[in-house]
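Only one structure is covered here, and it is reproduced in the block below.
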Amino acid sequence: MRVSFYTLGCKVNQNETGALEQLFCRSGYTLAGPGEAADVYVVNSCTVTAGGDKKSRQWLRRAKREAPGAVTVLAGCYPQAFPAEAAAVAEADVVVGNAARQEMLSAVERALATGERVVDIRAHEKGEAFEELPMETFEGHTRAFIKVQDGCDRQCAYCVIPKARGRSRSRAQGSILAELQALGAAGYKEVVLSGINLPSYGKDTGADLTGLIEACAGVAGIERIRLGSLEPDLLTDRDIARMAACKKLCPQFHLSLQSGCEATLRRMRRTYTAAQYALVVDKLRAAYGGAASFTTDVIVGFPGETEADFCESMAFVERQRFLKVHVFPYSSRPGTPAASFPGQLPEAEKAARVHRLQTLADGVRAGLIGAMLGARDEVLLEKPLSSNLFTGYTRLYVPVAVKAPGGRPGQIVTARLQSWDGERCRAEALPG
């Protein structure tokens, strides 16, 4: 039996798809290759935007059209957040949510055996435990992604994720370390700790994220640790000092911003001000002696955002000197408070603001990387482009194409950055 997966959304979704792939394979399934027909088609959905729901439905329709006898599965955040709507998607033979992912296999087996439609969307419960979905390998990847936290207790005005993911819950540290030890023994040198609201790790168990980082740093074979997206107001001075003392933690931080305008942040119901955000960035930079990099996400065109608000956000982004900014137009999400806010902006205006901010951010990025040329940094070799040229990332998360004769994917080399073409730095591995 062949199974095909299609994943929308965040790195946590991608991690969960990888775990589900391995669950199916352990039960005798084979992953269908690109263009190959399958007996089971699974879409792991994202419901952050209504557009994500539409893409899921389109993919299922195409799968049914191309393989009418196959079992199709709608899984993930869309069914969990909007169960009645998802259950009505006729092209899905199986509909399951996030609350019990491991039950997907039995639901698929039931549909295959009986031909009946299976809808099993279980509500998140208060106090529910973290669902273990361990990963054994990361095919095609030289870094490992470990999900350590799920859910979110925040109530941002534009976001449906708490409804889709439930309350914050943490994975047991022993389970994380056991998986990490196996990955270290398998040759993985870099790990990314991920979660829906990563800094809230341990709030339900008495642990904390910095303690987890320190424990992960002690695992044999692991040389680099990265963190997923962080909420800036959850980072205390003590957290920052402890992170800076952990030499295996890459000094690159993705700090969620969403807007640099104080009034917009209040309307978004974010829990920090722009001034508080800037203070956290300053403290992190100081802790690393200036040798830290920052990436972020920004939403433009949020309801009520005036031209003056947008310019305030632009100026803030420019002052923070982000290495990379992901700029998104606000997408009205039914089921969230912001969908009914007054002052909804035209799509053309939102698109224009995306272009303006992204152009500014790309200019800042070019300047920051240009200032790094001639410097040395460690690079994890990833995809080979030729016998001696590899893609990779530095500790500061600068993308490179590095000349490393005799190198191999997964190896960490010291390289000198030479030139920047707007996409990657050319670099050359140094001897020794």
Side-chain angles (χ1 to χ4, degrees), residues 10 48-52 152 154-162 197 199 229-235 253-286 292-371 422:
C10 64
V48 168
T49 68
C152 184
R154 303 204 161 185
Q155 297 295 326
C156 299
Y158 54 82
C159 187
V160 76
I161 291 303
N197 190 346
S229 182
L230 301 171
E231 295 287 315
D233 56 309
L234 294 179
L235 296 180
F253 303 96
H254 188 89
L255 294 180
S256 181
L257 176 60
Q258 310 310 348
S259 177
C261 170
E262 300 285 12
T264 303
L265 287 172
R266 286 195 298 271
R267 288 196 303 277
M268 287 179 167
R269 301 179 187 172
R270 299 294 283 171
T271 54
Y272 52 83
T273 66
Q276 289 167 336
Y277 184 103
L279 183 59
V280 171
V281 172
D282 289 344
K283 288 178 177 178
L284 280 165
R285 279 203 170 103
S293 65
F294 299 87
T295 59
T296 198
D297 303 304
V298 177
I299 297 171
V300 302
F302 190 74
E305 182 186 70
T306 65
E307 174 65 18
D309 291 338
F310 173 67
C311 289
E312 180 182 331
S313 188
M314 285 247 299
F316 182 85
V317 169
E318 185 174 24
R319 286 196 302 273
Q320 298 314 305
R321 308 191 316 280
F322 292 110
L323 181 67
K324 189 169 185 179
V325 182
H326 299 277
V327 185
F328 302 95
Y330 167 72
S331 177
S332 180
R333 188 51 178 109
T336 63
S340 59
F341 282 3
Q344 302 283 335
L345 274 68
E347 295 301 319
E349 179 59 32
K350 288 189 282 188
R353 290 183 183 181
V354 167
H355 178 74
R356 289 165 63 189
L357 181 54
Q358 193 66 69
T359 299
L360 180 145
D362 290 346
V364 172
R365 175 175 172 81
L368 287 173
I369 294 177

Show me, pair by pair, the donor-acceptor contacts under 3.5 angstrom made by side chains of residues 314-326, not counting sequence neighbours?
none

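- Shown here for S332 and P334, the closest heavy-atom pair between the two residues is O-CD, 3.5 Å.
- In this structure, the separation between CE on M268 and OH on Y158 is 6.0 Å, given to the nearest 0.5 Å.
- The distance from the OG atom of S313 to the CD atom of E305 is 6.5 Å, given to the nearest 0.5 Å.
- Annotation for L357 and V300: closest pair CD2-CG1, 3.8 Å, computed over non-hydrogen atoms.
- Residue L234 is tested with N197, T271, V280 for a side chain to side chain contact (heavy atoms under 4.5 Å, CB included); the sole match is N197.
- For the atom pair R356 CZ and R353 CZ, the distance stands at 7.0 Å (nearest 0.5 Å).
- Side-chain N or O atoms of D282 include none that pairs as donor or acceptor with a backbone N or O of L279 at under 3.5 Å.
- Put simply, OH on Y277 and OG1 on T296 are 3.5 Å apart, with the number rounded to the nearest 0.5 Å.
- Of all heavy-atom pairs between K350 and L345, the closest is CE-O, 3.6 Å.
- Scored by the ring pair (Phe, Tyr, Trp, His ring centres under 6.0 Å) test, Y330 finds F302 as partners (sequence neighbours excluded).
- Between the OG1 atom in T273 and the CG atom in D233 there is a gap of 9.5 Å [rounded to 0.5 Å].
- The closest side-chain donor-acceptor pair between T359 and D362, if any, does not fall under 3.5 angstrom.
- Shown here for D297 and H254, the closest heavy-atom pair between the two residues is OD2-NE2, 2.8 Å.
- Between E231 atom CD and Y272 atom OH the span is 6.0 Å, to the nearest 0.5 Å.
- When all heavy atoms of I299 and P329 are compared, the closest pair comes out as CG2-C, 4.4 Å.
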For residues 255-267, tabulate all N or O donor-acceptor pairs below 3.5 Å that involve a side-chain atom, not counting sequence neighbours.
{"unit_1": "S256", "atom_1": "OG", "unit_2": "Q258", "atom_2": "NE2", "d": "2.9"}
{"unit_1": "S256", "atom_1": "OG", "unit_2": "R270", "atom_2": "NH2", "d": "3.0"}
{"unit_1": "S259", "atom_1": "OG", "unit_2": "C261", "atom_2": "N", "d": "3.1"}
{"unit_1": "E262", "atom_1": "OE1", "unit_2": "A274", "atom_2": "N", "d": "2.9"}
{"unit_1": "E262", "atom_1": "OE2", "unit_2": "A274", "atom_2": "N", "d": "3.3"}
{"unit_1": "E262", "atom_1": "OE2", "unit_2": "A275", "atom_2": "N", "d": "3.3"}
{"unit_1": "T264", "atom_1": "OG1", "unit_2": "R267", "atom_2": "NH2", "d": "3.3"}
{"unit_1": "R267", "atom_1": "NE", "unit_2": "P303", "atom_2": "O", "d": "3.1"}
{"unit_1": "R267", "atom_1": "NH2", "unit_2": "G304", "atom_2": "O", "d": "3.3"}

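- Summarising the geometry of A338 relative to Q344, their closest heavy-atom pair is O-NE2, 3.0 Å, with the distance given to 0.1 Å.
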